[in-house]
Colleague: 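Here it is: the structure, laid out below.
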Amino acid sequence: MANNVHIDVHHITRVEGHGNIKVDIQNGELKECKLEIVEAPRFFEAMLKGRHFDEAALITSRICGICSVGHQLASLAATEDAFGIKISEQERLLRRLINCGEYFESHVLHIYFLAVPDFVGAKSVLPLVSTHKDVVVQALKLKRLGHHIGDIIGGRLIHPVNLFPKAITKVPSKEQLEDIILKLKDAQNELKQGVKTLKTLKLPSFERETEYISLYKKGEYAILEGNIFSSDTGETSYKNYRDFTNEYLIDHSTAKRAKHNRDSFMVGALARFNNSHEWLSDSAKEAAEELGLKAPCYNSYMNTVAQFVELFHIADDAIAAAERLLNMQLEVEDRKFPVKACNGVGAVEVPRGILYHDYTYGDDGLMKKANCIIPTGQNLDNIENDFKALLPTIMDKSQEEITLMLEMMVRAYDPCISCSAHILTVEFV
Amino acid sequence: MSAQTPEFVITKKDLLQGLDKALADYQVAALTKKDDRVLYDIIKSPTEVVFDYQPTVLSPKKFFFPQDETILEYTADGKISAKIEAKPTVLFGIRPCDLNGFKILHEAFADDHGDPNYLAKVEQTVVIGIDCEKICDKDAFCFKVGSQDATGGFDLMLYEIADGYAIEIATDKGSQFISKYLTTSKANGDEITSCQAKKAANFGQEKPFKNLAKLPELFEQNKHHAVWDQEGSRCLSCGSCIMVCPTCYCFDVGDEWQLNLKKGERVRKWDACMVTPFAAVGSGENFRHTATYRLHHRINRKFNFLMKKHNQAVCVGCGRCVRACLADISPKRIAEAIGADS
Amino acid sequence: MRTKLNLRESDPKLYLPERAKILKIKDFTENEKFFELALLDRPKLGHVPGQFLQVSVLGIGEAPISISSAPAEHNRFDMCVRAIGDVTKKLHTLNVGDIVYIRGPFGNGFAEKTLSTMLGKHLLFIVGGLGYAPLRSLINKVVPERDKYKKISVLYGCRTSKDRMYAHELDELSKIGGNVELLETVDKADENWTGSCGVITTLIPKIDFNPNETIAMVVGPPIMYKFVLKALLEKNMPKENIYIDLERRMKCGVGKCGHCQMEGIYVCQEGPVFNYAEVEKNEELL
Amino acid sequence: MATKPKVAFFDFSCCEGCQLAAIDLTPEQLLDLLEVIDIVEFREAISEKSDSYDIAIVEGTITRDSDIPRLQKIRETAKILITLGACSTIAGINALKNFQTKAEYQQDVYPDDPTKYETTTARAVHEIVEVDAFIPGCPIDTDEFVRVVKNLVLGKKPDIPEYPVCVECKRNENVCVYEKGIQCLGPVTRAGCNARCPSNGGYCFGCRGIIPEPNLKSQQDIMQRYNLTFDQMQEKFKLFLERNKEVFPDGK
Ligand SMILES: Cc1cc2nc3c(=O)[nH]c(=O)nc-3n(C[C@H](O)[C@H](O)[C@H](O)COP(=O)(O)OP(=O)(O)OC[C@H]3O[C@@H](n4cnc5c(N)ncnc54)[C@H](O)[C@@H]3O)c2cc1C
Ligand code: SF4
Ligand code: SF4
Ligand code: SF4
């Protein structure tokens, strides 16, 4: 048993952005245990000040490359909430499609490229190119599908070019929609193959119950709209997001943190699954069953599996959306709306959890104040708490093994550290 | 303008049916609508054809001379072959300005060295023109440069008459197309004359430049006219004018290996003499280093250098570059400034 | 029916290059290499002096390069390449036995008609740097037939003695004597250089020529032309007696791509060799 | 290829979208790419780290003085340093904060403890170390990335266009967005993205940087003709072009 453990992982790899893990155990006693976020602060909220409402989504998109669609959708939702804009059915469906693109890219990247190598003892996906070529090819194909959908609906997946408040400025053709459906159906088959791969991964057994927070809409696996739901306290309007994200700064992190009912809470795929699993599509439910994911699940490592299960649901949902669109006469919609001084909130489930944008505009349509709260920031304390629960149970392992298990824990949350290092304004003290 | 004699007339219904029949053997490109624009594109059914002409962004030259075209293919072990692609194509509904443009491009690509890639497409294409009854929009100035009537570049020409079209046959290819695909009836012989009378009335006061034939001389004498700098200083060197022009045909050629470095190809793509690096050479010299020089060059190609060669103004007055130019530069205005009309 | 367009037959091989094998490579200077090549699929190139080839390295690109050897009855020819960009740098990495691909010869060059006007005249070559590459094809043609000319003077200038191209041949040339003379200069002298120093125009006063009986061939970097032409005109040389050889960007070599166009003239077709009198009015000349 | 060049990816302040775009490859492309290069460091995707590499691909803006030594070390180690994307090439969106004073944006974002975290003027990589080639765009275009890497491996120029976006926009047969009353920076912005924004219903906001020899005076006249004031035009340029001295001569 290792009595003294000193772990200092500088720049955790295979995550988005820069973070360090520091653990110090002396004589079997946990002296220090933290996840440091060392990403340079980027001051997005300050940059948004004075910008036109059309640009808010363009700018916030650049907070994070991997959730750029999510940022844009949350940004549009905030702007639309502020100006009181109701979006059309066509718009809603198109957004569901492009969001599906992002989930595919993000979840597949995380599951196959970032998480899986740990389970097969590889340092990265590169060695897998020769040892597990078919899995890599499958992953690339699924990931590419995400980009493909992004290209068609948004001009591209990373920082889409045509998402503006009220309406998208280009609509897909019939052929393009048919093509998306075809490719998604193909992906469904690939995912079924993927279940077999995933089943072979041995996830660490670990349990720590925490508060699970996600968007919630009765009858729906809520992603793009809904209220906030806590496994501890139930449903609340999304407008009250601040109750859930009491942000505070701590010394070792450029990202702000959040807490609600307990010391910390969890957002992301596992939280969504725990709160909304009954509305998953049938194929997703089957996959969950086969992979042994049952609600409520208190093993954070299972977040990766929950993501995989979500892909089934997302694919089904996107096919349904595309089929609806095929039966509609798509037209680029008018984007005009009255401009006034206003405030609004957008809350969207991005792959890593709930993302909030909160904007205040002046009567000239320019941003007065912005506040964006990203999921990784919300999860950070929960990760540290998981560390604290996990460490005493694995003290008998070697330092390398302990490090790996901690790194795997961080990766399981699929943190997006570049996002979290963007900043939050604390208003309304 | 000498009146042409039509040999046949065809009803619009028969014409559409003919096109439908031709779709079995040809890819058919025609004026059509896509998103919120009108353009020449491959159609799947004649119902997609737009008959009411509106100027397109690109000219139909793209069917003979595409934006990108592979001209060579090779492998790492040294196998090399010319790639010449052409499909049986019908270009339907091309207007006089663009037909005159075709004539110039055909001559240019056949000149001295017959360009195989271009000419293969010409060979496989049946061009069916439609005459313009009226001026299409405010930027067009075909009538200024003698291009309102097509002088070549087509196989069949259609003139609108009540309930259909009178057909002028220009080539054997054209008459074969009629006999294979079109149900026609005999023409009286005066249809085109009356069409042209109507056209003349519609064009009214819009007459060719007084000094049309003397343009090369005028441009030669006015190399240093103030207009060059007036217009050139506004030029963004964005190349838009060239991309849209039916008679611009400069190109760049580049080689590209596939990523595996096993196969490669040589591609030619549209280039633009208005963009800054066009005339730069290895030693670092740029022979046309200002926008004014470049503008001078482009406009002189149209009204001087190449006009001498083709015996016709090489600007066909379609107005596309005028519409495309954000800096509002117009060949017509330049020609007028150097005395084309006085 | 209207008159049909009279279109030239298509040439299916217009853009398809043929193979040439590298037989010999010599380093001239740091940036210039000499290549001797042999055609593999034809008995001879069949060029006239001053013509050029489009030389390809597959996957890299194509560049116009002058034929540097005199017309010959065999399949071999020379070129000299300065490494400047993609193709030329790649050419420098090739080895004896490697294959390059060529199209051509292109351009007018010094055709029979031009050459015949030179007979009996004093030939004055004024060459700067890499300009020796294209002119060598003519120099190496006329020097062996020197009796047919009144005199042959070669003025050659380059940056330093290290930049002398074909140094060995220049030395040979200087030894011929009789009606063949070679004058050299460098921009910057170093310890190995005992000859003149200064720009090439400083050599012009050193030769004795009757401007009406002399034909000048000028090739060099763009900047050189201005000064040399001025010096020759000051000596009252008739413009008809001056030939220049120009460099332009070229992508096709067959008068289509438009890059080499100089006002109305396609350099690849009507040039690269020009009689100065015919083009002096062209404002894009220099 | 005798030996495969070793390629390492590094990131500074950015969204890491360009790295994602760089690996948005088809399976064939990835396998082919790995035939010609050896990826030795790519923190976002692999755990390996390396001290020796031939080509360093650098993403992100320099926003902290403490980043400079790391960047310098990369420069010293690499034979070729390429910037990846707008952030490292022209300082990108991160330089938007430069229009405010440091005190302002720090106060705005961390009102409790404004100076807690280190930050400074956002700068492009070339402002600090020499850059051999750049791949512009926010994010980069995957095909362009593949082409540049391939060209470098072959010893060719990276081949980034020097003409503006309008060329590609017109090739795609778009109706110019100015006709719809939307302003676009296409006429002065470097092409290579296949005019992605205007072709997809957006407008160009200059993420690829300004072309060499832009006619800014004319661009300004155009915008004025379309009823934009000088200030509004400057606003458009602000998103990505703070570091461009032609556009913002008084920049930091
Ligand atoms: C008739 C003729 C004969 C010639 N004879 C010879 C000869 O015998 N020997 C010889 O060495 N050279 C000769 N040259 C010059 C030679 O053709 C050029 O140096 C060559 O084309 C360079 O090709 P490259 O692919 O190596 O360079 P490239 O990669 O094409 O680039 C070379 C340079 O050209 C410029 N350039 C290229 N592309 C662009 C662009 N897109 N934008 C801006 N600038 C660009 C740049 O300055 C660049 O550094 C001749 C040229 C002509 C026209
Ligand atoms: S003339 Fe107009 S369209 Fe042509 S390059 Fe200049 S600015 Fe662009
Ligand atoms: S939309 Fe923009 S890029 Fe396209 S032509 Fe117009 S100005 Fe140029
Ligand atoms: S069009 Fe402009 S903003 Fe859009 S990708 Fe291209 S350069 Fe960037």
Side-chain angles (χ1 to χ4, degrees), chain B residues 4 71-72 74 76 78 80-82 84 103 106-120 122-123 151-153 168-171 223 248-257 261 264 266 268 271 273 278-283 285 287-288 293 297 300-301 304-306 308-309, chain C residues 1-19 54 56-64 82 84-88 99 101 106 129-130 221-223 246-266 269 281 283-286:
Chain B
Q4 308 295 327
I71 56 175
L72 273 188
Y74 42 77
I80 179 164
S81 55
I84 298 167
K103 174 172 171 280
H106 291 2
E107 285 173 7
F109 278 100
D111 189 31
D112 287 343
H113 304 273
D115 186 289
N117 298 76
Y118 185 93
L119 295 177
V122 174
E123 229 161 75
T151 56
E168 177 197 345
I169 302 172
T171 65
K223 283 184 180 176
C248 275
Y249 56 90
C250 291
F251 57 83
D252 193 9
V253 179
D255 270 46
E256 204 66 66
W257 283 117
L261 307 185
R266 181 164 291 170
R268 79 159 155 210
D271 204 347
C273 68
F278 186 84
V281 297
S283 54
E285 208 87 7
F287 290 94
R288 281 189 293 276
Y293 281 130
H297 181 73
N300 269 275
R301 261 176 78 104
N304 177 8
F305 310 149
L306 296 184
K308 288 180 198 147
K309 189 163 134 184
Chain C
M1 271 192 219
R2 306 197 191 198
T3 48
K4 275 193 202 150
L5 292 179
N6 194 2
L7 301 185
R8 180 79 55 126
E9 289 269 297
S10 137
D11 175 358
K13 292 194 165 162
L14 191 62
Y15 299 120
L16 181 67
E18 61 179 311
R19 298 178 305 158
Q54 286 282 4
S56 300
V57 184
L58 297 187
I60 307 293
E62 202 176 41
R82 171 178 291 173
I84 267 193
D86 291 348
V87 175
T88 46
I99 306 282
Y101 291 82
F106 292 128
L130 191 59
I223 178 84
L246 299 179
E247 183 189 344
R248 284 296 184 277
R249 193 167 176 137
M250 286 176 191
K251 286 295 181 182
C252 71
V254 292
K256 313 243 183 280
C257 80
H259 284 88
C260 72
Q261 211 186 10
M262 180 177 86
E263 298 204 333
I265 294 171
Y266 277 90
Q269 300 292 287
K281 296 241 161 54
E283 295 195 1
E284 291 183 352
L285 187 65
L286 299 174

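Note on naming: letters A, B, ... go to the chains in the order of the sequence lines (proteins, then strands), and numbering restarts at 1 for each one. Hydrogens, waters and symmetry mates play no part in the numbers below; they use all other heavy atoms, side chains included.
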Colleague: When you check the side-chain N and O atoms of B:D255 and B:Y74, is any donor under 3.5 Å from an acceptor?
Modeller: yes
Colleague: Non-hydrogen atoms of chain C under 4.5 Å away: do they reach the side chain of B:A82, the backbone, both or neither?
Modeller: both
Colleague: Consider side-chain contact (heavy atoms from CB on, under 4.5 Å). Of C:K251, C:R248, C:E247, C:Q54, which one does C:P64 pass it with?
Modeller: C:Q54
Colleague: Take C:S10 and B:H113, measure what side chain to side chain contact (heavy atoms under 4.5 Å, CB included) needs, and give me the verdict at the end.
Modeller: CA-CA 7 Å; C:S10 137; B:H113 304 273; over 6 Å; no
Colleague: Salt-bridge test for C:E62 and B:R266: reply yes if a basic N is under 4.0 Å from a carboxylate O, no otherwise.
Modeller: yes
Colleague: Can you tell which part of C:I99 gets under 4.5 Å to a heavy atom of chain B, answering side chain, backbone, both or neither?
Modeller: neither
Colleague: Where on B:L72 is there a heavy atom nearer than 4.5 Å to chain C: the side chain, the backbone, both, or neither?
Modeller: side chain
Colleague: In terms of heavy-atom proximity below 4.5 Å to chain C, should B:A280 be classed as side chain, backbone, both, or neither?
Modeller: both
Colleague: If you tally heavy-atom pairs under 4.5 Å against chain C, which of B:I84, B:D115, B:N117 wins?
Modeller: B:D115
Colleague: Does the distance from a Lys or Arg side-chain N to an Asp or Glu carboxylate O, for B:K223 and C:E263, drop under 4.0 Å?
Modeller: yes
Colleague: Between C:S56 and chain B, which part of the residue has a heavy atom less than 4.5 Å away: side chain, backbone, both or neither?
Modeller: both
Colleague: Indicate whether any N or O donor in one side chain lies under 3.5 Å from an N or O acceptor in the other, for B:R301 and C:Q261.
Modeller: yes
Colleague: Quick one: what part of B:K308 sits under 4.5 Å from any heavy atom of chain C, side chain, backbone, both or neither?
Modeller: neither
Colleague: Go through the atoms of B:N304 and report whether side chain, backbone, both or neither lie under 4.5 Å from a heavy atom of chain C.
Modeller: neither
Colleague: Select, from B:H297, B:E285, B:E123, the one with the greatest count of heavy-atom pairs under 4.5 Å involving chain C.
Modeller: B:H297
Colleague: About how many Å separate SG of C:C252 and CZ of C:F106, when rounded to the nearest 0.5 Å?
Modeller: 8.0 Å
Colleague: Would you mind telling me which of C:Q269, C:R82, C:E283 has the largest number of heavy-atom pairs within less than 4.5 Å of chain B?
Modeller: C:E283
Colleague: In terms of heavy-atom pairs under 4.5 Å with chain B, which of C:T88, C:I223, C:L58 leads?
Modeller: C:L58
Colleague: So what's closer than 4.5 Å to chain C heavy atoms on B:Y118: side chain, backbone, both or neither?
Modeller: neither
Colleague: Report the option among B:L306, B:N300, B:V253 that has the most heavy-atom pairs separated by less than 4.5 Å from atoms of chain C.
Modeller: B:V253
Colleague: Here's one to test your reading of the geometry: is the NZ or CZ of B:R288 within 45 degrees of the ring axis of B:Y293 and under 6.0 Å from its centre?
Modeller: no
Colleague: Please classify the contact between C:V87 and chain B as side chain, backbone, both or neither, with a heavy-atom cut-off of under 4.5 Å.
Modeller: neither
Colleague: Assess the side chains of C:H259 and B:D271: does a donor N or O sit below 3.5 Å from an acceptor N or O?
Modeller: yes
